[in-house]
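Here is how names work: the chains are called A, B, and so on, in the same order as the sequence lines, proteins then strands, and each is numbered from 1.
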Number of protein chains: 2
Amino acid sequence: MNKINETDEKLLCPIKYTLGIVGGKWKLPIICILSSGEPYRFNYIKKRLPEITNMMLTQSLKEMEASGMVGRKQFNEVPPHVEYTLTEKGKSLLKPLESLAEWGIENMHQEADNLSLCENCQAEK
Amino acid sequence: MNKINETDEKLLCPIKYTLGIVGGKWKLPIICILSSGEPYRFNYIKKRLPEITNMMLTQSLKEMEASGMVGRKQFNEVPPHVEYTLTEKGKSLLKPLESLAEWGIENMHQEADNLSLCENCQAEK
DNA sequence: CGGCATCCTATGAGATACTG
DNA sequence: CAGTATCTCATAGGATGCCG
């Protein structure tokens, strides 16, 4: 009944889907680590994210596996050995994420206090 | 000390900045409404988002005004009349958002149950 | 009409300890 | 090594009512 709604719903809805996939505190950090394309083990990822708990890492990886973003390969050895990689679907999100990052880089350095968000990285305009 | 961190931090950090700007439950919906380029009044936006409360709308608009995404124009009449628009900075985020939306459209219809996310829109591949 | 103050609640996330 | 099971807690978000 409200024609004017259609355009923005068609924009919003897929965005919500996408952010649902990578939402939460840890999924983007994990994707960024896996973005190299290499398969990494559970404890390696954990070392790269010193603040994450086993529980949050497990949960994030599991949800991303369920949504097809991350592949899990289990080696039946003792001790256990599991590797995680980005799937093709996961890799395909990197481009859109990069365009978000580009926008961020162009805008975040305009106000000085945003630099504080960025202790670890030296992203430059 | 950990060279391998640099690349993903440089990707992650601006993304976090960007999502900080449009994060939360209502900012993206508001941006999508304002994406038409037209200035809209408080109560018009509210009608387009039937579930939002005055408080959340006020707060979201205020934060987006503070971050330079939204412009506020107040007409000193009785009764009060206020118009909100996307600033240039706000408009410049639309392209990156569209690339996120594109990815969403390409992926959300592959699994049938994601359709339920999308009651209002008929986004098609 | 547009906005604010107060109070309240639900959910996401952390701490801790244990296991195949 | 790679998880899981509880418990607790903080914060984003919601309900309600008042105001210039």
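Along DNA chain C, read 5' to 3', the first and last nucleotides having any atom under 4.0 Å from a heavy atom of chain A are dA13(C) to dG20(C).
Rounded to an integer number of Å, the gap from CZ of R72(A) to C1' of dC1(D) is 11 Å. Computed from coordinates, the M56(B) CE to dT11(D) P distance equals 16 Å when rounded to whole Å. Between E77(A) atom CD and dA2(D) atom P there is a gap of 10 Å when expressed in whole angstrom units. Distance, E63(B) CD to dT11(D) P: 15 Å, rounded to whole Å. Taking atom CZ on F75(A) and atom C1' on dA2(D), their separation rounds to 14 Å, with Å as the unit.
Using a 4.0 Å heavy-atom cutoff across all strands shown, P80(A) reaches at least one base atom of the nucleic acid.
In plain terms, the two heavy atoms of N54(A) and K46(A) that are nearest each other are OD1-CE, 2.8 Å. When all heavy atoms of T87(A) and G68(A) are compared, the pair lying nearest together is OG1-O, 2.6 Å. Heavy atoms only, all atoms of each residue included: R48(B) and I33(B) are closest at CB-CD1, 3.4 Å. Listed here is the closest heavy atom pair of P14(B) and A101(A): CB-O, 3.3 Å. Across all their heavy atoms, S67(A) and K89(A) have their closest contact at O-NZ, 2.9 Å.
Nearer to the 5' terminus of DNA chain D, by closest-nucleotide assignment, is the contact made by R41(A) (compared with the other of R41(A) and I52(B)).
Applying the side chain to side chain donor-acceptor pair (under 3.5 Å) criterion to R72(B), with sequence neighbours excluded, gives Q74(B), Y84(B). Checked against salt bridge (charged side-chain N to carboxylate O under 4.0 Å, His left out), K25(A) has no partners two or more places apart in sequence or in another chain. By the side chain to side chain donor-acceptor pair (under 3.5 Å) test, T85(B) pairs with no residue at all, sequence neighbours left out.
With respect to K62(A) and E65(A), no salt bridge is recorded, no charged nitrogen being found less than 4.0 Å from a carboxylate O.
Between W26(B) and dA12(D) there is no side-chain polar atom (N or O) within less than 4.0 angstrom of OP1 or OP2. One finds no side-chain N or O of Y44(A) lying less than 4.0 angstrom from the OP1 or OP2 phosphate oxygen of dA2(D).
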Please produce a list of atom pairs where a protein N or O lies less than 3.5 Å from an N or O of nucleotides 4-10 of chain D.
from   : atom 1 : to     : atom 2 : distance (Å)
dT4(D) : OP1    : K62(A) : NZ     : 3.4

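End-to-end axis angle for the helix from dC1(C)-dG20(D) to dG20(C)-dC1(D), using five pairs per end and rounding to 10°, comes out at 60°.
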Problem - Stepwise side chain to side chain contact (heavy atoms under 4.5 Å, CB included) test for T58(A) and F42(A) - result: CA-CA 8 Å; T58(A) 302; F42(A) 187 91; 3.7 Å; yes
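The main-chain N or O of L100(A) is found under 3.5 Å from a side-chain atom of T18(B) such that the two form a donor-acceptor pair.
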